[in-house]
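Ligands are counted one by one from 1 in listed order, and the atoms in each one are counted from 1 as well.
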Amino acid sequence: MIEVRDVVATYDDVVAVDGVSLTVADGEFLLLVGPNGSGKTTLVRTFNALVDPDAGAVLVDGTDASERPVAARTSVGMVFQHPRDQFVASTVGADVAFGPENLGLDHEEIDRRVSESLAAVNLGDRREATIASLSGGEQARVAIAGALAMEPDHLVLDEPLTGLDDPARRSVLEHLAAVHAGGTGVVVVTHDLRDLSDLADRVVGLVDGQVAFDGPAPAAREDLAAIDVRDPRC
Ligand code: ADP
Ligand code: MG
């Protein structure tokens with residue numbers, strides 16, 4: 001469980017997150033939406049101590065994320081907005097293995113995790129491929145597999161659909177649904193609610209660093225229109 005308690009996060013004089021409280025249950029599929037600059041990326045980065053709050057705290061399974069960042073990063077896996085920035089190896093298999101290798105797991109366990117994570121995003125047959133040879137959609141799925149290989153309780157994806165064409169987008173959505181069905185909590189930061197609101201349990205809307213909406217996904221559409229998150233390209 002992720003508990004965000006009265007979190008304020010600033011960059012110099014910019015207040016990016018302005019007093020947010022939020023609890024994300026294990027296994028929950030949450031959408032975090034809001035206009036550009038509303039603080040979505042900053043907020044999710046506090047979940048695993050990539051950003052430390054200036055006030056308030058984030059507890060992951062009851063432990064302060066800033067005090068125990070390794071524990072927080074084990075529980076909360078993050079897929080960044082531009083997967084390209086996240087790759088550390090030149091082949092798919094080596095990249096997905098990198099995280100588990102750093103956990104000090106034995107070879108058999110690493111191999112199992114790499115196989116299962118790649119199978120979960122339907123890239124089981126691309127293990128030896130170079131990342132550079134993959135399409136944008138396939139690269140997005142490798143980034144997801146890399147996070148899954150850490151077997152996190154929560155998978156957080158920051159704008160995972162940006163720049164993907166329709167088939168790639170459908171494929172990523174399908175795989176997110178499957179990951180969720182397997183019991184992993186999913187948090188998707190997005191501008192683009194198409195299809196996603198059917199998958200999610202809950203939608204949280206941020207405006208100017210504050211929670212403007214928090215409710216079940218089916219009820220969210222009108223409220224979301226009011227805070228201007230319909231345009232998939234803004
Ligand atoms: P979103 O993901 O919703 O677009 P961000 O969390 O990226 O929002 O940004 C929230 C606010 O913080 C914006 O005003 C943005 O300009 C500012 N901001 C984000 N990252 C930085 C940074 N590294 N340095 C300075 N200001 C930043
Ligand atoms: Mg962002």
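No more than 12 heavy atoms of other residues, nucleotides or ligands lie within 6.0 Å of CZ in Arg68, so this atom counts as exposed by the packing criterion. Annotation for Phe98: atom CZ does not count as buried by contact number, only 12 or fewer foreign heavy atoms lying within 6.0 Å. When the shell of 6.0 Å around CG of Asp208 is examined, it contains 12 or fewer heavy atoms from other residues, nucleotides or ligands.
When hydrogens are left out, the protein atom nearest atom 8 (O) of ligand 1 is Gly39 N, 3.1 Å; that is the closest non-hydrogen contact. Distance from atom 6 (O) of ligand 1 to its nearest protein heavy atom, with residue and atom name: Thr42 OG1, 2.5 Å. Counting only heavy atoms of the protein, atom 7 (O) of ligand 1 lies nearest to Thr41 CB, 3.8 Å. Tyr11 CD2, 3.5 Å is the protein heavy atom nearest to atom 22 (C) of ligand 1. Nearest to atom 3 (O) of ligand 1 among the protein's heavy atoms is Lys40 NZ, 2.7 Å.
Considering CD of Glu174 and CZ of Arg141, their distance stands at 9.0 Å, rounded to 0.5 Å. Atom CG of Asp214 sits about 4.0 Å away from atom CZ of Arg202, to the nearest 0.5 Å.
Between Gly37 and ligand 1, at least one pair of N/O atoms sits closer than 3.5 Å.
Comparing Val14, Thr10, Leu206, Asp208 against atom 14 (O) of ligand 1, the shortest heavy-atom distance belongs to Val14.
Atoms of ligand 1 found under 4.0 Å from any heavy atom of Asn36, numbered from 1 in the order shown, are 4 (O). Against a heavy-atom cut-off of under 4.0 Å, Pro35 is close to the following atoms of ligand 1: 3 (O). Set against the non-hydrogen atoms of Ser38, the atoms of ligand 1 under 4.0 Å away are 1 (P), 3 (O), 8 (O). The ligand atoms of ligand 1 that sit less than 4.0 angstrom from a heavy atom of Ala16 are 10 (C), 11 (C), 12 (O).
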**OP:** Take Val96 and Leu118 through the test side chain to side chain contact (heavy atoms under 4.5 Å, CB included) and record every step on the way to the result.
**Re:** CA-CA 8 Å; Val96 174; Leu118 285 173; 4.0 Å; yes

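Legend: residues meeting salt bridge (Lys or Arg N to Asp or Glu O under 4.0 Å) with Arg169, ordered by chain and number and at least two apart, are Asp192, Asp195. The salt bridge (Lys or Arg N to Asp or Glu O under 4.0 Å) check on Arg73 picks up nothing, with sequence neighbours excluded.
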For residues 143-156, which side-chain donor-acceptor pairs fall under 3.5 Å, sequence neighbours excluded?
from: Glu151; atom 1: OE2; to: Arg112; atom 2: NH2; distance (Å): 3.1
from: Asp153; atom 1: OD2; to: Ser75; atom 2: OG; distance (Å): 3.1
from: His154; atom 1: NE2; to: Asp26; atom 2: OD1; distance (Å): 3.1

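The tally of protein N/O/S atoms under 2.8 Å from the Mg ion (ligand 2) stands at 1.
In the hydrophobic clustering of ILVMFWY residues, with side-chain heavy atoms under 4.5 Å counting as a link, Val60 and Met1 come out apart.
Distance check for atom 20 (N) of ligand 1: a protein heavy atom is found below 4.0 Å.
Contact record, Lys40 with Val33: CD-C, 3.6 Å, taken as the closest heavy-atom pair.
Without hydrogens or angle criteria, Asn48 side chain to Ala72 main chain gives no donor-acceptor distance under 3.5 Å.
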